[in-house]
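Below: the structure, in C-alpha cells.
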Amino acid sequence: MKKSAATRSAAPRRGPTQLLLLFFAAITGLCATAQAQTPHHLWFDRPAEDWERESLPIGNGAMGAAVQGGVTLDILQFNEKTLWTGGPGTREGKYDFGIPADPQTEALTEIRRELNTKGRLTPEYVARKLGRKAEAYGSYQNFGELRLTFPPSGEISGYRRQLDISEAIARVTYSADGVRYTREYLASYPDGVIAIHLKADRAGHINFTAELNIPHNRSAHRSVRQGRIAIRGKLLDNGLAYETQLQVIADGGSLTRTNEGGIRVSDADTATLLLAAATDYAPVYPAYRSTISPHKTVQTRVNRAHRKGWSALRAAHVADHRALFDRVSLHVNELPLAPSAGKQPPRQKTAALFTNIPIDQWLASYGSGNSAADRALEALYFQYGRYLLIASSRSGSLPANLQGVWNNSTTPPWNADYHTNINLQMNYWPAETTNLAETAIPLFDFVDTLHQPGNFAAEKLLGARGWTLFLNTNIWGFTGTIDWPTAFWQPEAGAWLATHYYEHYLFSHDEKFLRERAYPAMKGASLLWLDALVPDPRDGLLVVSPSYSPEHGDFTAGAAMSQQIVSELLRDTLNAALKLGDRAFAQQIEKTLDQLDPGLRIGSWGQLQEWKEDLDHPENKHRHVSQLFAIYPGIRSLPAPLLDAARTSLEARGDAGTGWSRAWKINLWARLGDGDHAHRILSAQLRQSTLPNLWSSHPPFQIDGNLGATAGIAEMLLQSHGQEIHLLPALPAAWPSGAVSGLRARGNTTVDMWWSKGQLQNAHITAYSSGQLKLRLPQNGNFSLRRASDNRIVAQSEGAHIKIFNVQPGESYLLTKANSEVTRK
Ligand code: FUC
C-alpha cells in the first residue's frame, strides 16, 4: 500500500504493538490485492474512431491530449487551457465582462416589487429586464492536432490501446510484419510538455512523418528547423498570441523535412516527440495578457525536455503522478475476504477474465451477471475520476472546465466554459475527500481573479458591496449576466464558490490559507449578501430576491437553494471570523443569520420544498435537485424530519438524469445513508451516462459527471460533515467486502478501512492536527479504539456507536471490532 508523503512523515513515534502489526499486515495484504484485482487501466483493441467516445485522455492540467492511436494515421488532438476566443482584444471591442455601464438596480428594485405583489414572474419576463446579451464571451479552443503518418504495413496483430491511470501513460502496441511496435504518450506536469516515445523490438524500424495541424481561425507562421516544427500566430477573434512547438528526436536513422512542412523519421531505433503549447494569456484583470511571449515559454520547455531525454522525463512524470494518485486505494468485492496476518487473501478467480477485456466490452457487459467484473469497474471508475481531476487541474493553470481540459472543437458545447450553477463546483467535489487537495488550488487561483470584476457585478447588478458572478464565466473575468431566461440569474454563484475555500481549510486546518486566501474571499462574498438580502413581506425574514432555482420553474423570492447557499456561506464566514478574531464582522453576520430564511421547509406531500411557497409537483423529474443543496454539498447536520423530506423529494425526482445529475444523486443518497440507492444510481450512470472511454456524458461529454460520481463513491464510504467522522455511512449490499485507504476527513485526518460481510472490521485513523474527533461507527459490532504508539484505549463513548477522543498530530488510532477476523487470528 502506497502512502502519501504526509502519511509517511507522520508515522507513529513508538513501536507498534502486535495487534497493530497484525492489522497493518492485513490491510497491506488487502491493498496489494486491491491493486491486483482492481485494474488501474482501460484499453481498447482498436484505434479510436470517435474522439468523444473512444479517445484516451492524458493531461497535465494546462495541456491535454486525446490519444486515438491509429496504425497508419495516429492523431493526437491537443489543448492548452488558455486558448480562448472572446474577451478583451476582440475586434469589435465589445467585451464588457457582462457588466452594464449603468447600474441596473432600478430594474432590480422593480422586479422585487413585482415579486412582492405577484409572487411569481416568468423567466422570460425577468430575463428581458435583468438579462443581457453576452458580447465577445468566447469559447475554449481546440489547439490543434499532431498527425503521425506511418508507412503501410502487412497484417496487424495484437493491437492494444491502453491508458494506465496509476502511471498516467497511454500506450499503443501492435505487431506488423513480425515487428512489435510500442508508442507511449504522457503529459508531464513537472516538464510542461506532452511527450510520445516510439519504439520497436527490432532496430531501425521506426518510420513515420510528423505534422502539426491547427484550425483556421488564427494566423499561422510555420517554421521547420533542426527537427522542430513551430507554429505561431494570433487568434483572429481577439489577437491572443499562441505558439506550439514539436521537437522530433530520432535515435538512429535520419530526420528529413517534408515538402508539406512535416518531419520524416526514417529507419530509427526509437523516436521521441516533445510538444508544448502556450498563449500570452495572463489571469490578470482587466487586460488578461502577459508580457512573456508564448514563444519564450514554449521554447524553454521544449529545450529543457529535449536535454532531459525521454527516460528521465518519463520517470519524473510517473513519480509526480503517483505521488498524488497512489494516496488512495479502493477495492470492493462481492465476496467476503478473510485475510490472515502476513498472508495475502486469495485472489479472485474471475479477475483475469475481466481485467483482460477491452473497456467498451467491459462497460457494455456491466450489470449482466459477472458481479466481480462490475465491482472492479466501479472501483476503476472511482479511480478514473481521480485520474481525470489530476490530469485537468494542476497548480499554475486554470481549473477544470466543462470538459476538463479536453476539447476538439472551436465551437464546443456551452463554450466549454465554467458553469457555476452546479458544474464547476461539482468538478471539485472529490478534491478534498479523495486526497487530492492540491488539485483545488487552480480553482482558488481562478476565483481570486474574479473578485475584481465580481465587485463590479455586485455594484452594478445588485447595488451591493462584495463580489459575485452569475451562471457562467470564461477566462476573461465575465461576472455579469447572460440572456438565457431559465438559467441566467444565479447571483449565489460567488457564495457557493467561496464555501469551497472554507472546505479546503476544514480538511487541511491550514490557518495561513484561511487567513490569507479563504477569509478574504468568504468575507467579500458574504458582504454582498449583507447588502443584497431583502426582507420578505410574507414573514419579515431576509431572502434573496429575485431568486431562481436553477433552470426550473418561475422566478420567486427566497427559493430554497438561494437561501441554503447564502446560509451555508454566512455560517462558514461566521466560524472563520470568530477563529480569526474579526469580531465586528462576526456580529454583523450573526445579526443577519438571525433573520435569514434558511430555505428549509417541508411541504404538503412531505417533500423538501424547492420554493418558499409549496409549488413542488410530485411528478416533476427535473435534473437539478437544487432544494437539496443543504444535504449535499452542504456540510451541516440536519434534523431527521428534514432528512426525511429530502428523501421524499429525491424519490419523487427519480433516479434518472444526465451525467452530472446522477452523480449528484449518488452523493445525496450517500448523505441520506442509503448505500443501496446510491449504488443503484451509480450503476445507472455506468450503464446510461458513460461513454466507452469512461467519460461521463450529459450528453455531450462533460467531466462533472465523472468527478461528481467519484466524490459520491467516497461519500458512500466516509463522511465528515456535521462535526463527526462517519465510517461506512452508506455501504451498499453490493459491496459486502472491501478495503479503502487514504480517504480524507474534515479535521485534517486520513482514514483507512477494511470491511467484510457488510461490516466494518477495522479502521486506521491518522491525525495531522491536534483536537477532538468524534467518530460515528456502523450500528453492528463493538469496537475498541487504541492509540497506535502505546496501544492504550483512548476513546470515551457516547452511546454505543460514537467515540470521542483527543488526537495529536502524527498519531495514528486503530479502531478494531471485537471478534474481528484480524484480531481472532
Ligand atoms: C447547467 C446544466 C446543463 C448543462 C450546463 C453545462 O446549466 O443545467 O444541463 O450541464 O450546465
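In listed order, ligands and their atoms are each counted from 1.
- How far OH of Y381 is from CD1 of I359: 11.0 Å, rounded to the nearest 0.5 Å.
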Quick one, H419 with W660, criterion side-chain contact (heavy atoms from CB on, under 4.5 Å). Give me CA distance, side-chain angles, the key distance, then yes/no. CA-CA 12 Å; H419 266 55; W660 61 255; over 6 Å; no
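- Aromatic ring centres of F470 and W489: separated by under 6.0 Å.
- Using cut-offs of 30° and 60° on the angle between ring planes, the pair Y387 and Y384 is parallel.
- With a heavy-atom cut-off of 4.0 Å, I422 does not touch ligand 1 at all.
- Between H552 and H624, a ring centre-to-centre spacing not shorter than 6.0 Å is recorded.
- Scanning the protein heavy atoms around atom 7 (O) of ligand 1, the nearest turns out to be E551 OE2, 2.2 Å.
- Taking a 4.0 Å cut-off on heavy atoms, T658 fails to register as neighbouring ligand 1.
- Residue-to-ligand polar distances keep W484 apart from ligand 1: every N/O pair is separated by 3.5 Å or more.
- Between D704 and ligand 1, a contact under 3.5 Å exists for no N or O pair.
- Taking every heavy atom of H624 and a limit of under 4.0 angstrom, the matching atoms of ligand 1 come to 2 (C), 8 (O).
- Close N/O approach between W414 and ligand 1 is not found [any backbone or side-chain N/O within under 3.5 Å].
- For ligand 1, the atoms sitting less than 4.0 Å from at least one non-hydrogen atom of Q702 are 4 (C), 6 (C), 10 (O), numbered in the order shown with element in parentheses.
- Ring-centre distance between W496 and F629: below the 6.0 Å cut-off.
- Among protein heavy atoms, the minimum distance from atom 10 (O) of ligand 1 is reached at W660 NE1, 2.9 Å.
- Open room surrounds NZ on K94; 12 or fewer heavy atoms of other groups in view lie less than 6.0 Å from it.
- At the top of the distance list for atom 11 (O) of ligand 1, counting protein heavy atoms only, stands N423 OD1, 3.0 Å.
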